[in-house]
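Down below is the structure, laid out as structure tokens.
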Amino acid sequence: MSQHSGVVMRIIFDDGKDFKFKTEKVSVGRIASNDVHIPGDLRISKQHCVLWTTVQPGGECPPLSSGGSSARSTKRQRLAAQDARDDGGERVIWIQDTSTNGTIVNGSVLQNDKRRVEANSVIELAPRNPSCTFRISIQNSQEIEEAKEREEQEETQRVDYYEIDAAPAPDQHQDNMIQSLSCVICTEIFFFPVALLPCMHKFCGACIFRNRWRWRRLSAIGNAESRWRHS
């Protein structure tokens with residue numbers, strides 16, 4: 001396949017798949033030999049549709065080259081397309097349906113025919129299926145690279161912000177964990193911890209057993225930790 005100079009055909013599916021091609025013609029279908037392979041849905045034909053771009057000073061649809069076209073005719077088409085590029089003509093997108101069930105373009109069915117489509121047109125190969133619905137556009141490859149670099153820079157800045165400003169200090173996090181796992185009686189890490197009802201404060205089992213007479217003197221156990229500290 002011949003390639004554009006700095007031009008990319010971008011196909012974005014509703015389920016998130018994103019394809020970028022520098023070739024002038026892209027095939028979409030169910031079998032793996034297509035440029036865009038959509039397996040698993042029998043409503044999709046082996047080759048469902050073909051997408052291509054061309055530069056046209058006017059607006060007449062160029063014929064899609066077939067296996068029967070002569071080498072001289074193909075060469076004339078390429079030279080005409082190159083002349084249109086040199087003249088600054090408009091680059092347009094075309095779609096040709098090659099399926100059994102048809103292709104839905106912006107809500108209307110295209111059946112064994114070709115049509116010019118606008119950028120970001122909605123193309124459905126099977127109704128109400130995000131993995132078979134996409135939008136197509138033409139972009140400049142340099143603009144795509146610049147946008148990718150901007151996204152990477154923004155992602156790096158977000159990561160740096162999270163690591164520097166959002167994440168807690170390691171020492172503080174460690175201190176909080178040790179405090180939450182320490183007994184207020186012996187101030188050591190829990191050893192066979194037990195919880196009191198109904199306040200659910202936790203202590204070492206041995207600490208509670210050794211000081212059980214103090215807990216019996218309390219008229220209520222609503223806040224056992226504070227009562228112990230003030231006893």
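All figures in this text were calculated on a predicted structure; none of them were measured in a lab. Hydrogens, waters and symmetry mates play no part in the numbers below; they use all other heavy atoms, side chains included.
Checked against side chain to side chain donor-acceptor pair (under 3.5 Å), S131 has the following partners two or more places apart in sequence or in another chain: N129. Residues forming a side-chain contact (heavy atoms from CB on, under 4.5 Å) with S121 (at least two apart in sequence, or on another chain): N106, V117, E118. With sequence neighbours left out, the side-chain contact (heavy atoms from CB on, under 4.5 Å) criterion links A206 to R210. Every side chain to side chain donor-acceptor pair (under 3.5 Å) that K17 has, sequence neighbours left out, goes to D15. With sequence neighbours left out, N101 forms a side chain to side chain donor-acceptor pair (under 3.5 Å) with no residue at all. A search for side chain to side chain donor-acceptor pair (under 3.5 Å) contacts involving D97 returns S99, T103, not counting sequence neighbours. Under the salt bridge (charged side-chain N to carboxylate O under 4.0 Å, His left out) criterion, D41 pairs with R43, not counting sequence neighbours.
A salt bridge links D18 with K20: the distance from a Lys NZ or Arg NE/NH1/NH2 to an Asp or Glu carboxylate oxygen falls below 4.0 Å.
The cluster map of Ile, Leu, Val, Met, Phe, Trp and Tyr, joined by side-chain heavy atoms under 4.5 Å apart, puts V26 and I93 in the same cluster. V184 and V194 fall within a single hydrophobic cluster, where Ile, Leu, Val, Met, Phe, Trp and Tyr are joined by side-chain heavy atoms under 4.5 Å apart, directly or via other members. Hydrophobic cluster membership is shared by I138 and I136, with clusters built from Ile, Leu, Val, Met, Phe, Trp and Tyr side chains linked at under 4.5 angstrom.
Taken to the nearest 0.5 Å, the CG atom of D35 stands 9.0 Å off from the NZ atom of K25. A distance of 7.5 Å separates OG in S33 from CD in Q47, rounded to the nearest 0.5 Å. Atom NZ of K202 is separated from atom CZ of F190 by 7.0 Å, given to the nearest 0.5 angstrom. Rounding to the nearest 0.5 angstrom, the gap separating the CZ atom in F134 from the CD1 atom in I12 is 11.5 Å. Rounded to the nearest 0.5 Å, atoms CD1 (I185) and SG (C207) are 5.0 Å apart. In this structure, the separation between OG1 on T98 and NZ on K114 is 12.5 Å, given to the nearest 0.5 Å.
When side chains are defined from C-beta on, C204 counts as touching C186, because their heavy atoms get closer than 4.5 Å. Residues L51 and V28 meet the side-chain proximity criterion, which asks for heavy atoms closer than 4.5 Å. Side-chain atoms of W94 and T54, non-hydrogen and from C-beta on, do get closer than 4.5 Å to each other.
Alongside V109, the hydrophobic cluster contains I104 (criterion: ILVMFWY side chains under 4.5 Å). The hydrophobic cluster containing I31, built from Ile/Leu/Val/Met/Phe/Trp/Tyr side-chain heavy atoms closer than 4.5 Å, comprises no other residue.
Checking side-chain atoms of S45 against main-chain N and O of T100 turns up a donor-acceptor pair under 3.5 Å. With hydrogens and angles ignored, the 3.5 Å screen pairs no side-chain donor or acceptor of T133 with any backbone N or O of P130. A donor-acceptor pair is defined here as one N or O able to donate and one able to accept, closer than 3.5 Å; no such pair exists between the side chain of H37 and the backbone of G29. H48 places no side-chain N or O within 3.5 Å of a backbone atom of S27 that could act as its donor or acceptor partner.
With no hydrogens or angles considered, no side-chain donor-acceptor pair links R10 and S137 at under 3.5 Å.
Within 6.0 Å of CD in Q179 there are 12 or fewer heavy atoms belonging to other residues, nucleotides or ligands.
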Run I38 and F13 through side chain to side chain contact (heavy atoms under 4.5 Å, CB included) and show every step you take. CA-CA 11 Å; I38 308 177; F13 282 79; 3.7 Å; yes
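Each salt bridge (charged side-chain N to carboxylate O under 4.0 Å, His left out) pair with one or both residues in residues 123-135, not counting sequence neighbours, appears once here: D14-R135. Contacts classified as ring-ring contact (aromatic ring centres under 6.0 Å, His included) and involving residues 98-130 (residues at least two apart or in different chains) are not found.
For the pair R115 and S108, the tightest heavy-atom approach, listed with the atom from each and the gap, is NH1-OG, 2.9 Å.
Classified by interplanar angle (parallel below 30°, tilted 30° to 60°, perpendicular above 60°), the ring pair F19/F21 is parallel.
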